[in-house]
**Student:** 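Dumping the structure here so I can ask a few things about it.
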There are 2 protein chains.
Amino acid sequence: MPKNKTAAAEQTSAAPLVRTEPIQERSAARIDALLDAAAAVVDEIGFDRLTTAMVADRAEASIGTVYRYFPDRIVLLQALRDRAIERYRQAIVERVTGETPETWVEAVGSAIDAFVGMFRTEPGFRIIRFADAERGPVNRDEPPRVGFFALRFADILAAEYTLPDDEALTFHLEIVVELVDALINRAFLIDMAGDERFIAEARTVVREYLETRYPAAA
Amino acid sequence: MPKNKTAAAEQTSAAPLVRTEPIQERSAARIDALLDAAAAVVDEIGFDRLTTAMVADRAEASIGTVYRYFPDRIVLLQALRDRAIERYRQAIVERVTGETPETWVEAVGSAIDAFVGMFRTEPGFRIIRFADAERGPVNRDEPPRVGFFALRFADILAAEYTLPDDEALTFHLEIVVELVDALINRAFLIDMAGDERFIAEARTVVREYLETRYPAAA
DNA sequence: GAGCAGATGATCGAGTTCCGATCGGTGACC
DNA sequence: GGTCACCGATCGGAACTCGATCATCTGCTC
């Protein structure tokens, strides 16, 4: 069992906040159960109707336990999103190593497929909207980690391919992330199975976008 | 004074809901004042920190008055969004009739400019995200009017130009709406003035998208 | 067409309900 | 016996309700 050290750790001053940090074994399972419950609730009644009591109920825990691991409702949702993103990252890696696309542009296509797959299988995924970071609650101090997913995505690609030494690449990938996020979300907005027209168009738009800019890699 | 009978009227069963429908003159002003207040609050402290009490305060009305016109907090925000969309529609019409672009594809460019302008001038605009309809609270009965803005946009264009008789046009416009919404929102996500790179890229992506599909109109 | 009176709409704000979050206490693990 | 996980009654504050009160409209009378 890998110990789950959060990078954040303690700030400068005393941080008496209970923070998420499992010490004993069972805690990890608890956290997962809580997030599963939250995902289910989010799928059923939607994002902003979710109450912490519902999450506790569904996870067969008490209110207190919820707040034992998450300082508040918003952080709980963020944790759900973070877990989903991590799972998505794994899904990309699996798919790319499985399909071994010729070029990194094609690998982006695989990532889109993986994204669509997540919408179909991962509870709560369709509500999360994570291309952009936290919208709304303007974060205290810490930089609002905008576009961080594009960076991470670049890392994944860089592990398998030789990326063009283009300083604009990060920007282009961020555009791609935004485009895909918008169109795939639209595809699943009403159609629970995912509207194929929008899915196909997302693939096409991205392919056109990248082929125009990186003809060598297409 | 035109009596303002709601189209909805009575459903099968008794509908005791108070619903928004101004009868007397002052009501309209009240509603506007409430929405102005909501927009200001949203700009200042953000979307989900908004409380109905703040809105009432700022509009110099009582809590009761807020709930006289809006069944709940979420509907209040939706109304704010609806008004912003209407204003945006007007802004498009004004700009297009003012600039009189040669082709409808160029008119789409003007619409993007108008969109950016709204982000800079219309209070509360940047939080609203309206390309997609209501996300989250799954609406009872009524169809979730997805993509309705693209339809409306097509109407605006059709009033000034002869649009291609392409049954896929609506779909393409919807894609454009999604793309623009995503990229322009990203442009304003952290940069209050709007990140020019994303704005320019939005224009480029849309132009490329439409020129590929409608070379005659470009 | 001025004045009045009843009806109906608009406003108010104290009271209620609901929900996010706390805290002191109890039991499980080391 | 000391730490950690868990519970759930309780608190505080925000969403929302409701009966009373004020403003405006309608239409009748003279």
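Proteins get letters first, then strands, A, B, ... in listed order; numbering begins at 1 in each.
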**Student:** Please pick, from D:dA5, D:dA15, C:dT11, the nucleotide with the shortest atom-to-atom distance to any side-chain atom of B:Ser62.
**Tutor:**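 The answer is C:dT11, which lies nearest to the side chain.
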**Student:** Within this structure, what is the CG-to-C1' distance between B:Leu34 and C:dT11, rounded to whole angstrom?
**Tutor:**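 Atom CG in B:Leu34 sits about 11 Å away from atom C1' in C:dT11.
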**Student:** Name the one of A:Arg95, A:Glu99, A:Glu94 that satisfies side-chain hydrogen bond (donor to acceptor under 3.5 Å, both in side chains) with A:Ser110?
**Tutor:**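 Of A:Arg95, A:Glu99, A:Glu94, side-chain hydrogen bond (donor to acceptor under 3.5 Å, both in side chains) with A:Ser110 is met by A:Glu99 alone.
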**Student:** Just N and O in the side chain of B:Thr65: are any of them under 4.0 Å from OP1 or OP2 of C:dA10?
**Tutor:**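 B:Thr65 to C:dA10 OP1/OP2: no side-chain N or O under 4.0 Å.
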**Student:** What pairs with A:Ser62 under side chain to side chain donor-acceptor pair (under 3.5 Å), at least two apart in sequence or on another chain?
**Tutor:**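 So A:Ser62 forms a side chain to side chain donor-acceptor pair (under 3.5 Å) with A:Thr65.
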**Student:** Closest to the B:Thr51 side chain: D:dA15, C:dA21, D:dC16?
**Tutor:**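 Per side-chain heavy atoms of B:Thr51, the pick is D:dA15.
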**Student:** In whole angstroms, how far is the P atom of D:dG8 from the CZ atom of A:Arg68?
**Tutor:**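 In whole Å, D:dG8 P and A:Arg68 CZ are 16 Å from each other.
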**Student:** Would you say A:Asn185's side chain and A:Asp181's backbone share a donor-acceptor pair under 3.5 angstrom?
**Tutor:**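 Yes, A:Asn185 side chain to A:Asp181 backbone: donor-acceptor pair under 3.5 Å.
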**Student:** Please pick, from C:dA10, D:dC16, C:dG20, the nucleotide with the shortest atom-to-atom distance to any side-chain atom of B:Tyr67.
**Tutor:**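 Nucleotide nearest to B:Tyr67's side chain: D:dC16.
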**Student:** Closest-nucleotide mapping onto DNA chain C: is A:Ile63 or A:Met54 further toward the 5' terminus? I mean the 5' end.
**Tutor:**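 So the residue in question is A:Met54.
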**Student:** Between B:Asp57 (CG) and C:dC12 (P), how many Å, whole number?
**Tutor:**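 Nearest whole value for this atom pair: 11 Å.
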**Student:** Look at the side chain of A:Arg58 and the backbone N and O of A:Ala38, then say whether any donor-acceptor pair between them is shorter than 3.5 Å.
**Tutor:**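 Not confirmed, A:Arg58 side chain does not pair with A:Ala38 backbone.
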**Student:** CZ of B:Arg30 versus P of D:dA23: gap in Å, rounded?
**Tutor:**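 In whole Å, D:dA23 P and B:Arg30 CZ are 12 Å from each other.
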**Student:** Measure from OH on B:Tyr69 to C1' on D:dT17 and round the result to the nearest Å.
**Tutor:**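 Value for this atom pair: 17 Å.
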**Student:** Between A:Phe198 and A:Arg186, is there a cation-pi geometry (under 6.0 Å to ring centre, at most 45° from the normal)?
**Tutor:**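 Verdict for A:Phe198: a cation-pi partner in A:Arg186.
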**Student:** Rounded to the Å, how far apart are B:Arg49 CZ and C:dG20 C1'?
**Tutor:**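 In whole Å, C:dG20 C1' lies 12 Å from B:Arg49 CZ.
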**Student:** Regarding A:Leu50, tell me which of base, sugar-phosphate or nothing describes its non-hydrogen contacts under 4.0 Å with the strands shown.
**Tutor:**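 The answer is sugar-phosphate, as A:Leu50 gets under 4.0 Å only of primed atoms, P, OP1 or OP2.
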**Student:** Provide, to the nearest angstrom, the distance between the CZ atom belonging to B:Arg73 and the P atom belonging to C:dC19.
**Tutor:**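 Taking CZ of B:Arg73 and P of C:dC19, I get 13 Å after rounding.
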**Student:** To the nearest Å, give me how far apart CG (A:Asp72) and C1' (D:dG12) are.
**Tutor:**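 It works out to 16 Å between those atoms.
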